[in-house]
Amino acid sequence: MTSLDDRLAAVRDGGRHALVPYLMAGARPDWVRLFEAAVAGGADAIEVGLPFSDPMMDGPVVQEAALAALAAGTTLDSVCATLGSLDLGVPLIAMTYCNVIYHVGLERAAGRLREAGVLGAILPDLALEELDEWAAVCDAGDLATVLMVAPSTPVERVARLTARSRGFVYAAARMAVTGTASGLGDGVAVVERVREVSSVPVYMGIGIATPEQARDAARVADGVIVGSALVRRVLDGQSAEDLESAVRALREALDEM
Amino acid sequence: MTSLDDRLAAVRDGGRHALVPYLMAGARPDWVRLFEAAVAGGADAIEVGLPFSDPMMDGPVVQEAALAALAAGTTLDSVCATLGSLDLGVPLIAMTYCNVIYHVGLERAAGRLREAGVLGAILPDLALEELDEWAAVCDAGDLATVLMVAPSTPVERVARLTARSRGFVYAAARMAVTGTASGLGDGVAVVERVREVSSVPVYMGIGIATPEQARDAARVADGVIVGSALVRRVLDGQSAEDLESAVRALREALDEM
Amino acid sequence: MSTMGTPGARGRFGEFGGRFVPEALMPACLELEGAFAEAWADPAFVAEFHDTLRLFGGRPTPVTPLARLSERLGLRVYAKREDLAHTGSHKINNVVGQTLLTRRMGKRRVIAETGAGQHGVATATAAARLGLECTVFMGEVDTKRQELNVFRMELLGARVVPVASGSRTLKDAVNEALREWVTCVADTHYCIGSVMGPHPFPWMVREFQRVIGDEARAQLEDLGVGVPEVVVACVGGGSNAAGVFAGFVDTPARLVGVEAAGGSAIGHGSPGVLHGMRSMLLQDEYGQIEEAQSISAGLDYPGIGPEHAHLAATGRAQYVAVGDDEVLGGLTLLSETEGIIPALETAHAVAWVARAAGRELAPGTTVLINLSGRGDKDVAQVREMLRGDA
Amino acid sequence: MSTMGTPGARGRFGEFGGRFVPEALMPACLELEGAFAEAWADPAFVAEFHDTLRLFGGRPTPVTPLARLSERLGLRVYAKREDLAHTGSHKINNVVGQTLLTRRMGKRRVIAETGAGQHGVATATAAARLGLECTVFMGEVDTKRQELNVFRMELLGARVVPVASGSRTLKDAVNEALREWVTCVADTHYCIGSVMGPHPFPWMVREFQRVIGDEARAQLEDLGVGVPEVVVACVGGGSNAAGVFAGFVDTPARLVGVEAAGGSAIGHGSPGVLHGMRSMLLQDEYGQIEEAQSISAGLDYPGIGPEHAHLAATGRAQYVAVGDDEVLGGLTLLSETEGIIPALETAHAVAWVARAAGRELAPGTTVLINLSGRGDKDVAQVREMLRGDA
Ligand SMILES: Cc1ncc(COP(=O)(O)O)c(C=O)c1O
Ligand SMILES: Cc1ncc(COP(=O)(O)O)c(C=O)c1O
């Protein structure tokens, strides 16, 4: 069990649906302040976007944030340095692409992240078939490898993915890249497929944007991940306070459950 | 013997080198006046250009004159009507392309020309191999078919061409279309080749422009044909008097011989 | 002579053909006639010709069954793919033949006329390969409309001479090439671009192009189709049509030549003499040549090869016309259904088949279309036209 | 596996290759791997593939002996003429294979990325022929630079989507195609344009392209040349090079891949992960991908197929780079001496041979250049550049 497993199990055990906002590190000069606002708004964990030039699993909003972050000189090191000097009080889960990690070297990258207090990592372009090396490094370094299950994932594969996912299983609500959408798409079915083979926490994401969607998702899932809807606000220049309210609205919807 | 043979034999018998200006019928509204000026300047015959849209044996000057004539509505009929009402006092030799004649019909075309007082015709695109039909019509109608011998014509062919040419043999001074040039090119050799096989009059043309060239040509030839140099003057808008002087200059050069 | 056989010494196809050129050119025409007859009877030359087409020109080009077009039209349509030949049309067959012959005659240079530039590019190509000097005459209007083809020829080492006389288009480029030829016939061959001009050109070019029909005949046999009921080709000067017809003239196949409505020498012309040949021509009541009008530069010619005039006169081939408006439909139809963008010239043949399907062509009729060339050269123009429509 | 043999289940070529895609796409990649392996082992599919290439694609393309270029360079140079394939380059081989496979998998639609438009046009072509729906992603910068290719695709019935993300060129078109694929993978195949992307693409595309090398090997045998000493191809993603190398990898022939100096993933790159594969990439010190820079859009890619990265690592193939300045020389050289205007991509290979002649390539060396495509698409650009020089 990784530390992330522990922390997220505690959330579930507390009877709470986890709220995991996705925010891009470095997208704005005041990005740390935004992260704090998300926590203040009720986040249980934060998915920390580390920018990559070619984010193939991301839609236009996250792409734009990544470009902004890169233009501002954001690097794995710069983000880790900043995060390492803080305690946001919730688990952090890095989300980036293989090349950012591979380029630094798996062990070094994992070490950096863990030193900075990051407890998990999502590499959406790291397929199960390519996982071994990274998983070994992560397991050795207490970094949770969060894996995604998609609507297209066949049942036998759901079991294998779930077995190897740490912290939680990321249930993709639809066949799409990150963005905003309406409804839950195939999310319920995906969550149910995971439930059939495992009791690990399942968080739903991809296209979850509004408090209503979050609440609906929480009827089946243990948590929700909300990315583009929040990142959009960041890119639009909304204040930390506005972001905090937006997160709080999601929080309240979840807590209604 | 055609009437043209008689008329040109008379010129030669008179000890005179024939001067044959080429002028385009219809190139200017006052074209008849220009023809008269050429006669006044000392022409022994006139080569009457009948315009064709695609004159493949003509250089830019004669092409331009043809286009001007066509634009003015010049046709075989219109030229024949005009010429038929005149007596220029010298033999006229039509120069045009097969299609103008073929389109009207060979017999009709020959009849028209002869009625208009034209004594000969040069169709530069009518090859020896295609001559029979036209020659028969011309012979029957006392219209002289003037044939050309070129520098490229092999000796045996010179004999055949010469035997079938009426009035005179047109000795092309060079491998070129009509235009102005300097010197006599291969003209002397061509004339000599004709002389070897026949005693018919031989006139040299193609690129003969100046009195000096005319005089030099007349050292070997029985006459000279001067086209583009005169047509240029017509296109440039020179007066009939100027044209007459130009022809006279040629005349005097020939008479010096 | 038998239909599409060897013409006699006068180069006549019935009342058409012959040799109407200045005496200065006659020796060259005679030399060429002898040289071609001799070369064409020489297995070594024929082998060199076919080897060059194979190793350099991309022959054999396939016959493609057009399944989706067939379904759409209710016919069984096949295409002979001259668009796949080097430089993008059947023009290469002819220029490979003529440049090899040029070398064989000991000449060091070729000249050519071109309209849109296809034949000019092909000639420059074949000349470059043999290291022959090359000059191409092109109407001034066309050099401007087809700047890129001018540049292509220059890349291939040819000199392009803009022709400012007459209508400054193809017809005048031919005139100018003939005028130039007079001046340099001793060391220069005039590589004419279609089955036109004085004897032996119409015969020689047809013989160099008959590889199209001969191949297609055998290929349709191999495909189990046998002899098609109809063979269709567009006709400008008529070389691609003559080439494909030659392979089927001795079969019951109906032969259809498709002219541009605005350049329809058979449909609207009358007999006359131009560019060294007697043939059907667009001309006015005085025998002045009229300009053809077509959206496809390659069909923009007021005459037609004399053998076609003869095939029309005897009824062995039928000539139809397609208007500019139908042509775009033919082009888009083939593009969408089969993934082949034809040249605008070629699209005339497609358009006629589409129009005739279910009418003159009964359902299920087997049709071979000669796809004379690819449309890449025309894409910019088609785009303008489709935009203009919109 | 043997060199250029079948990769194992992980799709690795040494340390390169693999599958780095979102889980949403993994089932499709696995399905594709299975479907391709099964189809490629099915003689009926293989026959359909080769028949289509023959009847529709214009194969076999010839190997042309380049006599005048050989004399000029003091080498014995032969060219494999992919420029004669339908749509003007080797790209057709791959798309014919992938569209047939699409239909076999019961999918009704293809998507593709394209840079200059060659692969997009080829995909639209093959899709039109089978009646598959087709969407092509193209960087917004490229849609403007290559308007005519956009129109070509539209004529062929494809929809072209301008990609406004990132650098708005090829690299981003690939990203966007992958993103789109996530949304429609159930009924849509991603027809990738080179030996790149996740397994099984690099393997599959190489297999579809190996027809180049297999044909060339037999043709050089027929010509009495035997195995050439050197086989040269330009490298963008590396599909034409992989295709020709595959035919000679088991011979002593030296294999040379020519990259654009500004897109030299082997020369200036380092290992990394992009577009679903681990390979050599142009990237900065943080692993952010850098933009490639080349006058030829088809070589303007910051990566290279993983098998090439492996061939370079093992030394079986050698990769060299040619700068933009040399490329024009290569293009004009081949045009003037042989009457073949090559694509700018292809001109890199010619330029390297010209540079190496008499140096790395001893006089008399037998060289096979893979002439991956024709230059028609580039003529306007070359004209601008040569004018700029003047
Ligand atoms: C593709 C194509 N088809 C047809 C033609 C017409 O010529 P012909 O009738 O001689 O085949 C041309 C002439 O340029 C052409 O380029
Ligand atoms: C003619 C030509 N050659 C080469 C390439 C480069 O691709 P590859 O390296 O996959 O052959 C392209 C790509 O567009 C091309 O069009």
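Atoms considered below: every heavy atom in the structure, side chains included; atoms not considered: hydrogens, waters and symmetry mates. What you see is a predicted model; the values in this text were computed from it and never measured.
- For the atom pair OG1 (Thr346(D)) and CZ (Arg374(D)), the distance works out to 11.5 Å, reported to the nearest 0.5 Å.
- Looking at Ile340(D) and Ser335(D), their side chains never come closer than 4.5 Å, going by heavy atoms from C-beta outward.
- Considering only heavy-atom pairs separated by less than 4.5 Å from chain D, the leading option among Leu69(C), Val382(C), Ile341(C), Thr332(C) is Ile341(C).
- Within a 6.0 Å radius of CZ in Arg108(C), more than 12 heavy atoms belonging to other residues, nucleotides or ligands are found.
- No salt bridge links Arg217(C) with Asp214(C); every basic N to acidic carboxylate O contact stays at or beyond 4.0 Å.
- For the pair Gln209(D) and His90(D), the tightest heavy-atom approach, listed with the atom from each and the gap, is NE2-O, 3.1 Å.
- Each of Lys107(C), Gln98(C), Arg109(C) was checked for a side chain to side chain donor-acceptor pair (under 3.5 Å) with His189(C), and the lone residue meeting it is Gln98(C).
- If you measure heavy-atom distances from Thr337(C) to chain D, the contacts under 4.5 Å come from the backbone alone.
- Of the two parts of Pro65(C), only the side chain, counted from C-beta on, holds a non-hydrogen atom closer than 4.5 Å to a non-hydrogen atom of chain D.
- Across Arg54(D), Glu147(D), Glu154(D), Arg59(D), the residue that shares the most heavy-atom pairs under 4.5 angstrom with chain C is Glu147(D).
- When the options Ile369(C), Val231(C), Leu368(C) are evaluated for a side-chain contact (heavy atoms from CB on, under 4.5 Å) with Lys80(C), the one that passes is Leu368(C).
- In this structure, chain C has no heavy atom under 4.5 Å from any part of Ala124(D).
- The line from CG of Leu53(D) to CZ of Phe208(D) is 9.5 Å long, rounded to the nearest 0.5 Å.
- Top candidate by heavy-atom pairs under 4.5 Å with chain C, chosen from Leu156(D), Thr87(D), Val121(D), Thr125(D), is Leu156(D).
- For Arg81(D), the part lying near chain C is the side chain, with the backbone staying farther off; criterion is any non-hydrogen pair under 4.5 Å.
- For the set Gly375(D), Gly131(D), Gly88(D), Gly157(D), the count of heavy-atom pairs under 4.5 angstrom toward chain C peaks at Gly131(D).
- With a threshold of 4.5 angstrom between heavy atoms, Asn149(D) does not approach chain C through any atom at all.
- Heavy-atom minimum distance, Leu155(D) versus Glu336(C): O-CG, 3.5 Å.
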Before giving the answer on salt bridge (Lys or Arg N to Asp or Glu O under 4.0 Å), spell out for Asp376(C) and Arg152(D) the whole-Å C-alpha distance, their side-chain angles and the decisive distance to 0.1 Å. CA-CA 8 Å; Asp376(C) 296 63; Arg152(D) 248 179 215 114; 3.4 Å; yes

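- Proximity to chain C (any heavy atom under 4.5 Å) is restricted, for Leu223(D), to the side chain, taken from C-beta onward.
- No part of Leu334(C) comes within reach of chain D, as not one of its non-hydrogen atoms sits under 4.5 angstrom from that chain.
- Contacts of Val63(C) with chain D are made by backbone atoms alone, with heavy-atom separations under 4.5 Å and no side-chain atom involved.
- The candidate from Leu84(C), Thr52(C), Thr61(C) with the greatest count of non-hydrogen atom pairs under 4.5 Å with chain D is Leu84(C).
- At a 4.5 Å heavy-atom cutoff, the contact between Ala85(C) and chain D is made by backbone atoms alone.
- The parts of Arg383(C) that come within reach of chain D are both its backbone and its side chain, each placing non-hydrogen atoms under 4.5 angstrom from that chain.
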